[in-house]
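Lettering of chains follows the sequences in order, A, B, ..., and the numbering in each one begins at 1.
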Protein chains: 2
Amino acid sequence: MMLLNLVGESGPDGASLAELVAASTLEKPTVRRLLMALIRGGLVEQDDKTRRYHLGVDCYILGTLATPRHGLVDMAADAVARLAAASGDTAFVTMRRGSAAVCLHREEGAYQIRTHALTVGAQHPLGVGAGSLAMLAALPDAELDAVIAENASRLSESYPGLEPKILRAEVATTRVRGYALNAGRIVAGSWGIGVALRWSDGTVAGALSLAAIESRMQPPRDAELAALLASEAATVETRMSRGLNRAN
Amino acid sequence: MMLLNLVGESGPDGASLAELVAASTLEKPTVRRLLMALIRGGLVEQDDKTRRYHLGVDCYILGTLATPRHGLVDMAADAVARLAAASGDTAFVTMRRGSAAVCLHREEGAYQIRTHALTVGAQHPLGVGAGSLAMLAALPDAELDAVIAENASRLSESYPGLEPKILRAEVATTRVRGYALNAGRIVAGSWGIGVALRWSDGTVAGALSLAAIESRMQPPRDAELAALLASEAATVETRMSRGLNRAN
DNA sequence: TGGTTGGGTCCACACTATGAACCATGCGAT
DNA sequence: ATCGCATGGTTCATAGTGTGGACCCAACCA
């Protein structure tokens, strides 16, 4: 499942065997054998020419069958389109995946300078990035602690300037402010604003966010964008509760 | 992966442990352990109250990430909607999954009598059902033989009246006729018409189909519906080739 | 109260995954 | 032409992990 996930993260060009070995904690023969098993099951496929591994049809099939329960992107697609159109910047749907956030949908606006700091499939610990931070801040305190604890080592190692302590401070200001702001903390100059999305039972599902260069996120524009996000989020959330998808 | 698939097939109400044990060839402790592993990985989730198992968020995430490569339903959604609206009957998107066909999308028309012979998530051997038969007939002969051989035992056991020999005859007439017709072979009185969909490289991706009661599939209406299907299939196929999704 | 059904777990045992070492192939440089 | 070096892929003794019959428990119903 770790491998499946890595293949998913690898984007439209897929992943090579070597890349997967490097990204996983497994040895080459093991990776290869597991990939063969995934291929047999249809969850992964290998391009005959390039020898690279991609997600298989069965992933798509299972995903489609899981849509009635979890289909956030469908419910948010038009909201994201409106956000991108209205702002001219790039809009995203991010979803929670345990203690990480996955970017599932990206819609570019018309403005000529576009940040590519966040691409579809990318995963970061909760709190890293605007949408991701919005989700983290939306969690109940117990869960927040658990998530931060789980991510602690990865944060300190791979995300300098986003150590647990700083993250907690960010969460606090996010909660007061009402929306999450990423002031170029991951890629310098690439700013973002995000708001969380919840299922009708209150659990955090994902987030809507906007990204742009620093100059386009200064007051008073930042507040305007945040208002835009909040209104679209409300729209999406009513839709999420209407389709009474989830029993639990 | 077999279990994952079974959970997927089980529809929106999920599956109980006992059902999964029965449907799989595994023993109860094994099923339970594998399910726990799938739950750990986020591919499956268990409803705390009902104790039933459902597809998890990660299935949806992987499915979304696989959409650029395999996203048939998105490409066919509006065509299916038009089919259902124009015919008043129920329209389907089916996809190939090895030697089986999976129903991924179902759109009901306005007509008051609706067949529920095919529901989303249902899987049958290739050749069983209109869309499924359309796919089988669209395969090159070598592949057709392989598929029929693989399904032989299941066909004879579970689908009386659709033994390999009869299926081959059906394929022949389908190829001549240009579209697949299921004259109530699975559920008496429930008829269907289907046409195959191909990727731009010629490989069979899935099918579009319509289902209705027998009386609504008699000449000349059957031919009219087939024409409708063919034209929508053409639309979908041009869209499939435009998004040059697949390298291989 | 007693029987039945379904969910979930234990642990001796058998089988299966593991990875260091190895082979094969494609490609750029000399 | 030939070498060197990535990168993809495979082998096989060994360590370790999954397997399932038997069992427990709770809920439900007569």
Next on the checklist: Taking salt bridge (Lys or Arg N to Asp or Glu O under 4.0 Å) as the cut-off, I'd like each qualifying pair that reaches into residues 141-150 of chain B, sequence neighbours left out, listed once.
Outcome noted: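 Salt bridge (Lys or Arg N to Asp or Glu O under 4.0 Å) check on residues 141-150 of chain B returns B:R96-B:E143, B:D141-B:R175, B:D145-B:R168.
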
Item to check | All pairs passing salt bridge (Lys or Arg N to Asp or Glu O under 4.0 Å) where residues 6-23 of chain A contributes a residue, at least two apart | outcome: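 Those involving residues 6-23 of chain A are A:E19-A:R52.
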
Under 3.5 Å donor-acceptor, [X] side chain and [Y] backbone:
{"X": "A:Y60", "Y": "B:V73", "answer": "yes"}
{"X": "B:S132", "Y": "B:G127", "answer": "yes"}
{"X": "B:N151", "Y": "B:R154", "answer": "no"}

Next on the checklist: Here's a test for you: under side chain to side chain contact (heavy atoms under 4.5 Å, CB included), which of B:R106, B:H116, B:E107 qualifies with B:T90?
Outcome noted: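 Only one option passes, and that is B:R106.
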
Restricting to non-hydrogen atoms, name the atom on [X] and the atom on [Y] that form the minimum distance, rounded to 0.1 Å.
{"X": "A:A212", "Y": "A:T115", "result": "N-CG2, 4.0 Å"}
{"X": "B:A130", "Y": "B:G192", "result": "CB-C, 3.4 Å"}
{"X": "B:V7", "Y": "B:H54", "result": "CG1-C, 3.5 Å"}

Checklist entry - Which nucleotide span of DNA chain C, 5' end to 3' end, has atoms closer than 4.0 Å to non-hydrogen atoms of chain B? => result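 With heavy atoms of chain B under 4.0 Å away, the range is C:dG7 to C:dC10.
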
Item to check | Rounded (10°) bend between the five-pair end axes of the helix from C:dT1-D:dA30 to C:dT30-D:dA1 | outcome: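 Computed from the C1' atoms at both ends, the axes differ by 40°.
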
Item to check | Members of residues 17-29 of chain B that approach DNA chain D, where some heavy atom sits under 4.0 Å away | outcome: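 Result for residues 17-29 of chain B: B:E27, B:P29, sorted by number.
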
Checklist entry - Can B:E237 and B:R239 be counted as an ion pair, charged N to O under 4.0 angstrom? => result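 No, no charged N to carboxylate O under 4.0 Å.
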
Next on the checklist: Students should find this one: the first and last nucleotides of DNA chain D, 5' to 3', lying under 4.0 Å from a heavy atom of chain A. What are they?
Outcome noted: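 The contact span of chain A on DNA chain D goes from D:dG8 to D:dT11.
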
Checklist entry - Is A:M1 close to B:L43 at the side-chain level, that is, under 4.5 Å between some pair of heavy atoms? => result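 The answer is yes; the side chains approach within 4.5 Å.
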
Next on the checklist: Between A:V171 and A:L144, is there a side-chain heavy-atom distance shorter than 4.5 Å?
Outcome noted: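 Yes, side chains in contact.
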
